[in-house]
Amino acid sequence: MRIGRYLLTQEDGREFRDFVKAIEEAMPLPLEESLLSERMLLAVYCFSGGIADYVIKPLKLALSRALDRGQAVVRMQDLIEAAATMLDPDGQVINPFEQDLPQLQRAVRMLHSIESDLLRRHEPEFAPVCFSWLDDI
């Protein structure tokens, strides 16, 4: 069985939000910033491209590190570090968990335009946005 990609569009965004909400509610530690805040939702989407496994992996790694450190909360720094270990250090990448809301909104617009025309990802404008899940679409 294969789970398709969640989309973050007006029509389909509700499913992605519900999925992210269920993950957050199941976590044994609270997050410093809710995954349902606009910034975090966009960061999770940019990192994952709506692919369920990519949504869960950085959260599990950040949670594991927070538990190992005896923290009462999963900090933003935990998510930044978890995502950094998963991103290709040789490629031009951005860590979405380090970006502010306007940067994330721009990245989502870029990603939506890439999704509608995959050849666009080779244009110079898109060079700083390089995520491994783009090869899966």
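For F16 against G50, the heavy-atom pair with the smallest separation is CE1-CA, 4.0 Å. Heavy atoms only, all atoms of each residue included: A107 and C46 are closest at CB-SG, 3.8 Å. For the residue pair A82 and P58, the shortest heavy atom distance occurs at CB-O, 3.5 Å.
The aromatic rings of F47 and F97 are tilted relative to each other, their planes meeting at an angle between 30° and 60°.
In this structure the side chain of M40 never reaches within 4.5 angstrom of the side chain of S34, judged on heavy atoms. Under the 4.5 Å side-chain criterion, counting only non-hydrogen atoms from C-beta, L41 is not in contact with L35.
Under the 4.5 Å side-chain heavy-atom criterion for ILVMFWY residues, a single connected hydrophobic cluster contains both L101 and L79. A chain of hydrophobic side-chain contacts below 4.5 Å, direct or via other Ile, Leu, Val, Met, Phe, Trp or Tyr residues, connects V55 to M86. Residues L36 and V73 are members of separate hydrophobic clusters, defined by side-chain heavy-atom contacts under 4.5 angstrom among Ile, Leu, Val, Met, Phe, Trp and Tyr. Using a 4.5 Å cut-off between side-chain heavy atoms of Ile, Leu, Val, Met, Phe, Trp and Tyr, with links allowed through other members, L61 and V74 fall into different hydrophobic clusters.
Put simply, the side chain of E32 gets close to the backbone of M76: a donor and an acceptor are under 3.5 Å apart. Judged by distance alone, with hydrogens and angles left aside, the side-chain atoms of D18 form no donor-acceptor pair with the main-chain N or O of E15 at under 3.5 Å. E98 contributes no side-chain N or O that, together with a main-chain N or O of I94, makes up a donor-acceptor pair within less than 3.5 Å. Panel note: side chain Q103, backbone D100; a donor-acceptor pair is recorded below 3.5 Å. Under the 3.5 Å distance criterion, the side-chain polar atoms of S37 are left unmatched by any main-chain donor or acceptor of E33.
Expressed to the nearest 0.5 Å, how far CD of Q105 lies from CZ of R39 amounts to 11.5 Å. Rounding to the nearest 0.5 Å places CZ of R65 at 6.5 Å from CZ of R69. Atom CG in D78 sits 10.5 Å away from atom CG in D68 (nearest 0.5 Å). Taking CG from L63 and CD1 from I23, the interatomic distance works out to 12.0 Å, rounded to the nearest 0.5 Å. Summarising the geometry, atom CG belonging to L67 is positioned 4.5 Å from atom CG belonging to L29; distances are rounded to the nearest 0.5 Å.
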